[in-house]
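Here is the structure we will look at, set down as structure tokens.
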Amino acid sequence: MGDVMDTATLVRSGSSHAVDVVGDCIKRIRSRDGAVNAIVDFDEERALADASRMDHKRDNGQPLGKLAGVPIVVKDNICTKFMRTTCGSGMLESYVSQFNAFVIDRLMDADAVIVGKANLDEFAMGSSTEFSTHGGTRNPWDQQRVAGGSSGGPAVAVASRMVPASLGSDTGGSIRQPASFCGVVGLKPSYGRVSRYGLVAYGSSLDQIGPFTTSVEDAALMLEVITGHDDRDSTSIKEEVPAYSTLLDQTLDGRRVGVCEACFAEGLSDDVRQSVEAAIEKMREAGCEIVSVELPHMKYAIASYYIIAMAEASSNLARYDGVHYGYRTPQPGDLADMYASSRGEGFGMEVKRRIMMGTYVLSSGYYDAYYLRALKVRRLIKEDFDSAFQRCDVITLPVAPTTAFTVGEKVEDPLAMYLSDMYTVFANLAGLCAISLPCGFDAAGLPIGWQLMGPPLSDQKMLSIAYQYQQMTSYHLQTPAIATD
Ligand code: GLN
């Protein structure tokens, strides 16, 4: 049983008290976070009060929910009424939302305890969690390495075993890549599966919220809790929610796993290649049929993703103007200066770069050449996947071309940073579900993840295949030294 399930079961039965579970969690945050900087804010008093309410409920004979007493942190771009939501930006340094995100209400309805907010790249733009006003998050396996990003904080909080689960957001890989760098499970649900109401928008046609956990069964349980229809997100799907966590134990016999040879070509480190190939081999031995698939437009994915993501970002971030929201320059000259200076001072360098590039690709004269063309490529990539999925149930890929890179290594080189998303952006462009699973360690002892992608709304089948892989391995059980202090 996973850590989330375990905790909830113990609290529900009264064998554990939620106040003790949450109290221990706060202690771990206090002792471990100094080294990794995963947590932006936590509220001990509130968390303990929530926990004790839960204990009372149980003691009075009332049933507790699926996440009874489970301490959770969420990425700091998910709105909470009771704690600020900074997005790692000077723009929203003191912003407190008027409402909770849909997923926050869902977690609380399931009796989880939201302990704090976790670090991220500013407005979720980045692949390393180095672009945050709260400072960078470090990798718990080696603090000279990055955590991955943009959901580095939520990934590290789980990898360091501060909390059994967290939520992140994934626009082009921001759940899966840090999960892979930190040795935990990271799930990006199908587009439309989880409501983004209350998620600060980055690329609205790509964004999706999902969990980090230490096991597939916990990821399934978290998805079960946070998914479902919500009128306030027009992309939210009205499909029934399967009981994901109870449907995992299915045979692999006859399951078809697609492998695209071209994904294992240049740029992929040997350690990652070997571990991912070994994982595929394990699936074959366990009864899966390995089929070869083609993704002919793969090489255009990064270009298409960055054009679309930046275009959408430039539009979504137009609202931060010093009037509607957030930071306003203290001594503006005239009105134009107030807008320009508020944005100039409030946003960080990477966000500004993206707003400028996004505005450029949307401007008249360039719109057809860049934005429209990127949309056409996106359609071709989607069609590649549609035809590949005619032949298989899931497609497997690495998550990232390398293990966690060194702090500072790519900060000055945006292109190198963008290329670390080469295997993850497909799922967002095509609306697929995808998961990152621990599958080994490199020569330096850094975790390696591999990725399964399934057709839209095949989350349940993908999770059951992932679960069978996990049952054959123990990589997900290994923890960094920081987690055992
Ligand atoms: N690294 C990608 C980007 O910077 C993905 C970010 C994300 O998924 N939020 O856009």
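All values below were derived from every heavy atom in this structure, side-chain atoms included, with hydrogens, water molecules and symmetry-related copies excluded. Whatever order the structure lists them in is the order used to number ligands and atoms, beginning at 1. Numbers here simply count residues along the sequence, with the first being 1.
Applying the side-chain hydrogen bond (donor to acceptor under 3.5 Å, both in side chains) test to Arg343 and every residue at least two apart in sequence or in another chain returns nothing. Taking Phe426 as the reference, Phe385 meet the ring pair (Phe, Tyr, Trp, His ring centres under 6.0 Å) condition, with sequence neighbours excluded.
Here the side chains of Val73 and Lys117 are not in contact, with every heavy-atom distance at 4.5 Å or above.
Of all heavy-atom pairs spanning Cys79 and Thr85, the tightest one is CA-OG1, 3.5 Å.
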May I have a table of the N/O to N/O pairs between ligand 1 and the protein that fall below 3.5 Å, each row giving the two atom names and the distance to 0.1 Å?
{"unit_1": "ligand 1", "atom_1": "1 (N)", "unit_2": "Gly126", "atom_2": "O", "d": "2.9"}
{"unit_1": "ligand 1", "atom_1": "1 (N)", "unit_2": "Ser127", "atom_2": "OG", "d": "2.8"}
{"unit_1": "ligand 1", "atom_1": "1 (N)", "unit_2": "Asp421", "atom_2": "OD1", "d": "3.4"}
{"unit_1": "ligand 1", "atom_1": "1 (N)", "unit_2": "Asp421", "atom_2": "OD2", "d": "2.8"}
{"unit_1": "ligand 1", "atom_1": "4 (O)", "unit_2": "Gly126", "atom_2": "N", "d": "3.0"}
{"unit_1": "ligand 1", "atom_1": "4 (O)", "unit_2": "Tyr306", "atom_2": "OH", "d": "3.4"}
{"unit_1": "ligand 1", "atom_1": "4 (O)", "unit_2": "Arg354", "atom_2": "NH1", "d": "3.0"}
{"unit_1": "ligand 1", "atom_1": "4 (O)", "unit_2": "Arg354", "atom_2": "NH2", "d": "2.9"}
{"unit_1": "ligand 1", "atom_1": "8 (O)", "unit_2": "Thr171", "atom_2": "N", "d": "2.7"}
{"unit_1": "ligand 1", "atom_1": "8 (O)", "unit_2": "Gly172", "atom_2": "N", "d": "2.7"}
{"unit_1": "ligand 1", "atom_1": "8 (O)", "unit_2": "Gly173", "atom_2": "N", "d": "3.3"}
{"unit_1": "ligand 1", "atom_1": "8 (O)", "unit_2": "Ser174", "atom_2": "N", "d": "3.0"}
{"unit_1": "ligand 1", "atom_1": "8 (O)", "unit_2": "Ser174", "atom_2": "OG", "d": "2.7"}
{"unit_1": "ligand 1", "atom_1": "9 (N)", "unit_2": "Ala124", "atom_2": "O", "d": "2.8"}
{"unit_1": "ligand 1", "atom_1": "9 (N)", "unit_2": "Ser150", "atom_2": "OG", "d": "3.3"}
{"unit_1": "ligand 1", "atom_1": "9 (N)", "unit_2": "Thr171", "atom_2": "OG1", "d": "3.4"}
{"unit_1": "ligand 1", "atom_1": "9 (N)", "unit_2": "Ser174", "atom_2": "OG", "d": "2.7"}
{"unit_1": "ligand 1", "atom_1": "10 (O)", "unit_2": "Tyr202", "atom_2": "OH", "d": "2.5"}
{"unit_1": "ligand 1", "atom_1": "10 (O)", "unit_2": "Tyr305", "atom_2": "OH", "d": "2.7"}
{"unit_1": "ligand 1", "atom_1": "10 (O)", "unit_2": "Arg354", "atom_2": "NH1", "d": "3.0"}

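Residue pairs satisfying the salt bridge (charged side-chain N to carboxylate O under 4.0 Å, His left out) criterion with at least one member in residues 189-216, sequence neighbours excluded, are listed as follows: Arg196-Asp233.
Checking Leu107, Asp105, Ile78, Ile114 one by one against Asn100, the side-chain contact (heavy atoms from CB on, under 4.5 Å) holds for a single residue, Asp105.
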